[in-house]
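Quick notes on the structure that follows.
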Amino acid sequence: DAGVTQSPTHLIKTRGQQVTLRCSPKSGHDTVSWYQQALGQGPQFIFQYYEEEERQRGNFPDRFSGHQFPNYSSELNVNALLLGDSALYLCASSSPTSVGGALPYEQYFGPGTRLTVT
Amino acid sequence: AQSVTQLGSHVSVSEGALVLLRCNYSSSVPPYLFWYVQYPNQGLQLLLKYTSAATLVKGINGFEAEFKKSETSFHLTKPSAHMSDAAEYFCAVRGSGWGAQKLVFGQGTRLTINP
């Protein structure tokens, strides 16, 4: 059973560019959340997608947008990159049902994508 | 609104000594609480979770945590530290209803194990 996968592993971009990060959820999961983890900080919630719609959003500007596809995979897009966008971007998937001792909406994290903006 | 505060950004213990990582939470609703571990250049791995079933929660790798409502705390402990425990540890809180699934994380505590 594959867990949450993310691509690419690492990415280097220049200020002002746009970037797209990808996430495939754990098998059986239909909800995807994205988090930003700046160096030396805890992860911060960006947004959550369910049924191909953004359901919740954290305190991030509109430069951060996303998409969820019919197969539940998701993309995170960041426009007009700033130096401060350099971070580890984590994807987490979950299910509204409780399976195998997991809580409803218990989040399973992928390995992350390290984005460096120069 | 929910939040967590981790006391101590760095904790250093000797191999074989007790590990204690502190977490205090704030929540307007009964919380779910979590401890995650992050090894260098990796994602987050769930150590244990509190779901109101029991106040003392046992997790993986010999870690456990006790939920104390009166102190709004959920401290993580391990009786005997091992070199492989060196990592970053995050406490997190979330609610239980629809619209409350986002995790709110603390700043993290870096655990160093001295030989």
Side-chain angles (χ1 to χ4, degrees), chain A residues 3-7 9-10 21 23 25-26 29-51 53-60 87-98 100-114 116, chain B residues 1-10 21-25 29-54 57-60 87-111:
Chain A
V4 180
T5 60
Q6 293 186 244
S7 63
T9 305
H10 295 88
L21 310 182
C23 171
K26 179 179 168 66
H29 287 183
D30 57 8
T31 303
V32 173
S33 301
W34 288 91
Y35 292 80
Q36 180 195 65
Q37 185 180 14
L39 195 62
Q41 304 292 318
Q44 286 194 295
F45 175 77
I46 302 174
F47 44 51
Q48 182 184 77
Y49 276 83
Y50 172 69
E51 292 186 334
E53 290 189 14
E54 183 182 295
R55 300 292 181 164
Q56 295 184 73
R57 189 177 183 92
N59 189 26
F60 279 81
L88 179 68
Y89 288 86
L90 296 164
C91 170
S93 71
S94 59
S95 167
T97 59
S98 176
L103 291 168
Y105 301 107
E106 184 170 315
Q107 295 182 39
Y108 291 74
F109 284 84
T113 293
R114 173 75 61 188
T116 302
Chain B
Q2 297 164 316
S3 66
V4 293
T5 300
Q6 291 185 240
L7 303 175
S9 58
H10 290 89
L21 305 183
R22 301 177 188 272
C23 173
N24 287 89
Y25 71 92
V29 297
Y32 289 145
L33 291 159
F34 305 82
W35 275 100
Y36 287 88
V37 62
Q38 186 176 39
Y39 298 101
N41 299 313
Q42 294 189 26
L44 299 174
Q45 180 182 9
L46 180 64
L47 276 178
L48 49 80
K49 60 191 175 189
Y50 167 74
T51 64
S52 77
V57 181
K58 294 188 184 298
I60 62 172
E88 189 90 18
Y89 291 79
F90 294 95
C91 181
V93 65
R94 56 160 270 208
S96 57
W98 169 249
Q101 307 102 34
K102 74 172 187 180
L103 287 166
V104 177
F105 287 87
Q107 293 286 84
T109 297
R110 181 170 298 279
L111 177 63

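Just so we're on the same page: letters track the sequence lines, and every chain starts at 1. Heavy atoms only: backbone and side chains are in, while hydrogens, waters and symmetry mates are out.
Around CD1 of Ile60(B), the count of heavy atoms belonging to other residues, nucleotides or ligands within 6.0 Å exceeds 12.
Listed by chain and number, the residues in a ring-ring contact (aromatic ring centres under 6.0 Å, His included) with Tyr35(A) are Phe45(A), Phe109(A), Phe105(B) (sequence neighbours excluded).
Only the side chain of Leu46(B) comes within less than 4.5 Å of a heavy atom in chain A; its backbone stays farther off.
Counting heavy-atom pairs closer than 4.5 Å to chain B, the top residue among Gln44(A), Gln6(A), Glu106(A) is Glu106(A). If you tally non-hydrogen atom pairs under 4.5 Å between each of Gly112(A), Pro43(A), Pro111(A) and chain B, the highest count goes to Pro43(A).
Taking all atoms of both residues into account, the shortest heavy-atom contact from Gln107(B) to Gln41(A) is NE2-OE1, 2.7 Å. Tyr36(B) and Gln107(A) get closest at one heavy-atom pair: OH-O, 3.6 Å.
Gln38(B) is listed as a side-chain neighbour of Leu88(A), based on a closest heavy-atom distance under 4.5 Å.
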